[in-house]
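Read the structure below first, then the notes.
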2 protein chains.
Amino acid sequence: MARDRVLAANKILVGDCVEQLRNLPDKSVDLVFADPPYNLQLSTELLRPNNTRVDGVDDAWDKFASFEEYDRFTRAWLAECRRVLKPDGAMWLIGSYHNVFRLGSALQDQGFWILNDVVWRKVNPMPNFRGRRFTNAHETLIWAARDQKSRYTFNYESLKASNDDLQMRSDWLFPICSGPERLKDDGGRKAHPTQKPEALLHRILIGTTNPGDVVLDPFFGTGTTGAVAKRLGRRWIGVERDTDYVKAAEERIAKVKTLSTSSLETQPSKRTEPRVPFGALVELGMLRPGAPLYDERRRVRAEVKADGTLAVPGSQGSIHRLGAVVQGKAACNGWTFWHYERGGRLHPIDNLRERAKVALGLSGKQQRAEPLIAAE
Amino acid sequence: MARDRVLAANKILVGDCVEQLRNLPDKSVDLVFADPPYNLQLSTELLRPNNTRVDGVDDAWDKFASFEEYDRFTRAWLAECRRVLKPDGAMWLIGSYHNVFRLGSALQDQGFWILNDVVWRKVNPMPNFRGRRFTNAHETLIWAARDQKSRYTFNYESLKASNDDLQMRSDWLFPICSGPERLKDDGGRKAHPTQKPEALLHRILIGTTNPGDVVLDPFFGTGTTGAVAKRLGRRWIGVERDTDYVKAAEERIAKVKTLSTSSLETQPSKRTEPRVPFGALVELGMLRPGAPLYDERRRVRAEVKADGTLAVPGSQGSIHRLGAVVQGKAACNGWTFWHYERGGRLHPIDNLRERAKVALGLSGKQQRAEPLIAAE
DNA sequence: CTGAAGTTTGAATCAGACG
DNA sequence: CCGTCTGATTCAAACTTCA
């Protein structure tokens, strides 16, 4: 089958994904990174609260008539990727809840062996403008070996060392791709609607490939995979149908310099300040619903509700909002304003937050969260 | 079909999941929470349709056969859950990468409408002992409405208020179930291998059910769903096959006390508050016909008409329509766009609506809250 | 030039009542 | 079932404007 197919790395194959993959030889690729269409199927336009329109993904390449058609497409390109992978090769997929369950099932059906699912937590996701769902603040990656027997690459020590000597977990925190990294077209608009951050590919390639490995991206887009692969001294192959994307990717990758063998960049981990919301104290049982809270001088008595709000007669809201309301002020830091009673004395609920941080592992020491106010 | 099936809540149905679900009436349940078996030991536990054992996992056909069997089981209990759900009902599933892709695909295939996938990030996950994978530090939840048209319950304001006035995101941080909350058997060993933390169910039930709702858990285990449902004033039904688990769950739930009705009051939503049409302000004499209204910066001047419409030269219509027209936008909330003048200053007409609610006796508890502490 | 203030934007299956 | 109309709703970061 593959007798006259030769692997030429560091180039983009222009054309249909499955057709182009057929031109690659069997067992020639170490890793596949695939960011396939998400099949979003947006129905109507979405307005922001200020009545401006959200520039959603409505490109033709993301349109599929049904799950059946999407599954058919998925099976076709997955099968080609599997053929092209070396026996010890592996694959990364990325998707959202719209498509990732189809991807994962198809992977398993074809004999891939899932090693982890990994969650990319977005520092700065787009909010949910209508207030009808949770903020969609993550995307899901699947890491799978070609089959159960594959001796896949995993640079455990590198990842651990770059993670303050803690095992790298399955939840990763990165900002979305914006700023200077985000490619723009001639008109100054985003060149690609779904450009992935280089930090994501950086961790993947450092963690699951070795220098010199061949990385295939069958949905190359504007070439994030190629750019990071080149920088990290990996070889790469991209497949992309859209010639505008191809042009942008080629120009982008041409500017990238390969790092010297010695200089192994450490992951710039953008840690956000650990935050404990008030509701967590209720959910964790540290404050019972019905428990009273007071201001410092006991002039106001409020009651904790099961939904994580606080109430006085005639008003209910967050600890901050209610603190502002009872004082007739515009704003209030509820953490220092409200107090719980213990041993006949009042303590700011901020103290509880410190203990919750410990329970949630957001501070150094590990201990258990005991209820501090007994049920009545 | 369901003519002689009666819904008896707050009890455990002992027996096979699908068989027991068949005894529940159609459209009787508000929410399903399901924590199905994870399919971890495919090769040893699962039988082929002809009851021969699937032995050996080396063979791709066996793996496929096993997934087939798991999918058949999944479709069977999901279909019963869908039948039992009210038209506006919803479902939560929880799983790991071993089974969650099968669950999500089956949900979509049966017509459920996925609203979010949610990631439970574990504070204290089990480390990966062999250092060959990422620490499996999360599990995945799927929240889905019965179908696309379902008007599902979502207590957006409660979740936001309990999260320091920020929208609740799709990534949740909770410790695994341990300490006193973890049920032990007579030998002091954990009574159930995968007991879920009550905090997880607390957030789910607060966020997506109302007091009095019926919550069904078809894989009840040691009854976390029932315990939290009872505490939060929701009704519950469990299905469990293992009589040891049933006994542990019954003892556990018997000890739980339901919170007082007042503790369960949720943050009221502006959406559910009674509506005051603009015309009522004119009828009540709060705005006289001919009165001028302005946008925030006085760039536009409109005039109130006796019929409750608003007019600028050349255009007339509702406060919303006219606000959109003068801005050249597709939509506009007239209540916040238009302002009336009083004491030389502009105030949004939304303020008048609040006063109209009081005048019309439509105001509930969330009325004009007076400061309880005098300004200093 | 600097900092404050305002604007733009990101893989989105994003409403509900009423006639 | 479908069209019409009211009116509820956003977070973090980058970028632009202006004092």
Side-chain angles (χ1 to χ4, degrees), chain A residues 35-59 61-64 67 70 94-100 120 122-140 175-182 184 188-190 192-197 219 221 270 272, chain B residues 88 108 112-117 144-145 147-152 154 156-157 160 163-170 269-279 308 317-324 330-338 349-350 353:
Chain A
D35 180 15
Y38 283 13
N39 191 22
L40 290 181
Q41 301 184 336
L42 306 177
S43 48
T44 58
E45 70 172 13
L46 176 63
L47 296 181
R48 298 170 190 271
N50 65 1
N51 286 315
T52 59
R53 200 177 64 83
V54 172
D55 183 18
V57 177
D58 60 351
D59 304 70
W61 50 254
D62 197 43
K63 300 229 186 306
F64 295 85
F67 284 130
Y70 188 80
I94 183 167
S96 66
Y97 65 85
H98 312 86
N99 70 326
V100 77
W120 167 28
K122 299 181 183 183
V123 173
N124 47 350
M126 179 148 71
N128 183 290
F129 294 115
R130 308 303 286 266
R132 293 297 296 148
R133 303 186 180 194
F134 299 94
T135 304
N136 203 353
H138 74 277
E139 293 188 28
T140 302
I176 59 176
C177 181
S178 66
E181 185 186 324
R182 187 90 195 205
K184 302 291 195 299
R189 292 173 302 258
K190 54 190 176 190
H192 193 284
T194 70
Q195 186 181 339
K196 294 290 173 290
F219 305 96
K270 203 167 182 176
T272 54
Chain B
D88 289 339
Q108 293 178 311
F112 284 93
W113 189 246
I114 297 183
L115 300 166
N116 279 112
D117 59 337
D147 52 68
Q148 191 177 356
K149 297 286 182 195
S150 301
R151 287 169 305 172
Y152 54 91
F154 185 51
Y156 174 77
E157 286 78 11
K160 183 175 175 179
N163 192 37
D164 292 358
D165 292 324
L166 290 178
Q167 284 190 337
M168 190 66 79
R169 298 170 37 125
S170 59
S269 161
K270 228 175 170 182
R271 273 196 186 90
T272 57
E273 282 182 3
R275 197 176 67 87
V276 175
F278 180 70
S318 74
I319 54 171
H320 312 296
R321 182 60 55 96
L322 200 73
C332 168
N333 182 346
W335 290 109
T336 52
F337 179 75
W338 296 107
I349 57 176
D350 207 28
R353 183 164 60 162

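So that the names make sense, note that chain A is the first sequence line, chain B the second, and so on, each numbered from 1.
- Salt bridge status for A:Lys190 with A:Asp55: present, with a side-chain N to carboxylate O gap under 4.0 Å.
- Computed from coordinates, the A:Asn124 CG to D:dT10 C1' distance equals 13 Å when rounded to whole Å.
- Atom CD1 of B:Ile349 and atom C1' of D:dG7 are 11 Å apart (whole Å).
- Separating the CG atom in A:Leu40 from the CG atom in A:Asp58 is a distance of 10.0 Å, to the nearest 0.5 Å.
- Heavy atoms of A:Ser96 sit nowhere under 4.0 angstrom from any nucleic acid atom.
- A search for side-chain hydrogen bond (donor to acceptor under 3.5 Å, both in side chains) contacts involving A:Asp59 returns nothing, not counting sequence neighbours.
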Enumerate all atom pairs, one protein N or O and one N or O from nucleotides 16-19 of chain C, separated by less than 3.5 Å.
unit_1: C:dG16; atom_1: OP1; unit_2: A:Arg132; atom_2: NE; d: 3.2
unit_1: C:dG16; atom_1: OP1; unit_2: A:Arg132; atom_2: NH2; d: 2.9
unit_1: C:dA17; atom_1: OP2; unit_2: B:Arg151; atom_2: NH1; d: 3.2

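- When the C1' atom of C:dA11 is taken as reference, atom OH of A:Tyr70 falls 11 Å away, rounded to whole Å.
- If you check every strand for non-hydrogen atoms under 4.0 Å, B:Cys332 touches a base.
- Taking only distance into account, the side chain of A:Asp35 meets the base of C:dA11 through a donor-acceptor pair shorter than 3.5 Å.
- In this model, the phosphate group of C:dA11 is approached by a side-chain N or O of A:Arg182 to a distance below 4.0 Å at OP1 or OP2.
- What separates CD of A:Glu139 from P of C:dA11 is a distance of 7 Å, to the nearest Å.
- Remark: the backbone N or O of A:Leu47 is not paired with any side-chain donor or acceptor of A:Arg130 at under 3.5 angstrom.
- To the nearest angstrom, C1' of C:dA12 lies 10 Å from NZ of A:Lys122.
- Under 4.0 angstrom from either OP1 or OP2 of D:dG7 there lies at least one side-chain N or O belonging to B:His320.
- A gap of 14 Å separates the P atoms of D:dT9 and C:dA17, to the nearest Å.
- Comparing B:Lys160 and B:Arg321 along DNA chain D, the residue whose closest nucleotide (by nearest heavy atom) sits nearer the 5' end is B:Arg321.
- Listed by chain and number, the residues in a side-chain hydrogen bond (donor to acceptor under 3.5 Å, both in side chains) with A:Arg133 are A:Tyr97 (sequence neighbours excluded).
- With rounding to whole Å, B:Ile114 atom CD1 is found 13 Å from C:dC14 atom P.
- Contact annotation for A:Pro197: no contact, since no heavy-atom pair falls under 4.0 Å across all strands.
- With sequence neighbours excluded, the residues satisfying side chain to side chain contact (heavy atoms under 4.5 Å, CB included) with B:Ser318 are B:His320, B:Arg321.
- Between the side chain of B:Gln167 and the backbone N or O of A:Gly131 there is no donor-acceptor pair closer than 3.5 Å.
- Scored by the side-chain hydrogen bond (donor to acceptor under 3.5 Å, both in side chains) test, A:Lys122 finds A:Glu139 as partners (sequence neighbours excluded).
- The phosphate of C:dG10 (OP1 or OP2) has a side-chain N or O of A:Lys190 nearer than 4.0 angstrom.
- Within the nucleic acid shown, A:Gly179 comes within 4.0 Å of sugar-phosphate atoms alone, with no base atom in reach, counting heavy atoms only.
- For B:Arg353, a side-chain nitrogen or oxygen approaches OP1 or OP2 of D:dA8 to under 4.0 Å.
- The nearest heavy atom of DNA chain C to A:Ser178 and to B:Gln108 marks one nucleotide each, and the one closer to the 5' end goes with A:Ser178.
- In this entry the distance linking OH of B:Tyr156 with C1' of C:dA15 reads 14 Å, nearest Å.
- Residue B:Glu157 is classed as a sugar-phosphate contact, given heavy-atom separations below 4.0 Å to backbone atoms only.
- For the C1' atom pair drawn from C:dG16 and D:dC1, the interatomic distance equals 16 Å after rounding to whole Å.
- At a threshold of 4.0 angstrom between heavy atoms, the contacts of B:Asp350 with the nucleic acid are absent.
- Contact annotation for A:Asn128: base contact, defined as any heavy-atom pair under 4.0 Å involving a base atom.
- Once rounded to the nearest 0.5 Å, the distance linking OG1 of A:Thr194 with CD1 of A:Ile176 reads 12.0 Å.
- As a whole-Å value, the separation of A:Gln195 CD from C:dA11 P is 9 Å.
- Within 4.0 Å (heavy atoms only), A:Pro125 reaches at least one base atom of the nucleic acid.
- When the side-chain nitrogen and oxygen atoms of B:Ser318 are compared with OP1 and OP2 of D:dT6, one or more of them lie within a distance under 4.0 Å.
- No donor-acceptor pair closer than 3.5 Å links the side chain of B:Asp147 to the backbone N or O of B:Phe112.
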For this session: Give the dot-bracket string for DNA chain D, reading 5' to 3', where a pair is Watson-Crick or G-U wobble with both distances under 3.5 Å, ( ) marks pairs inside the strand, [ ] marks pairs crossing earlier ones, | marks a partner on another strand, and . marks unpaired.
Result: .|||||....|||||||||
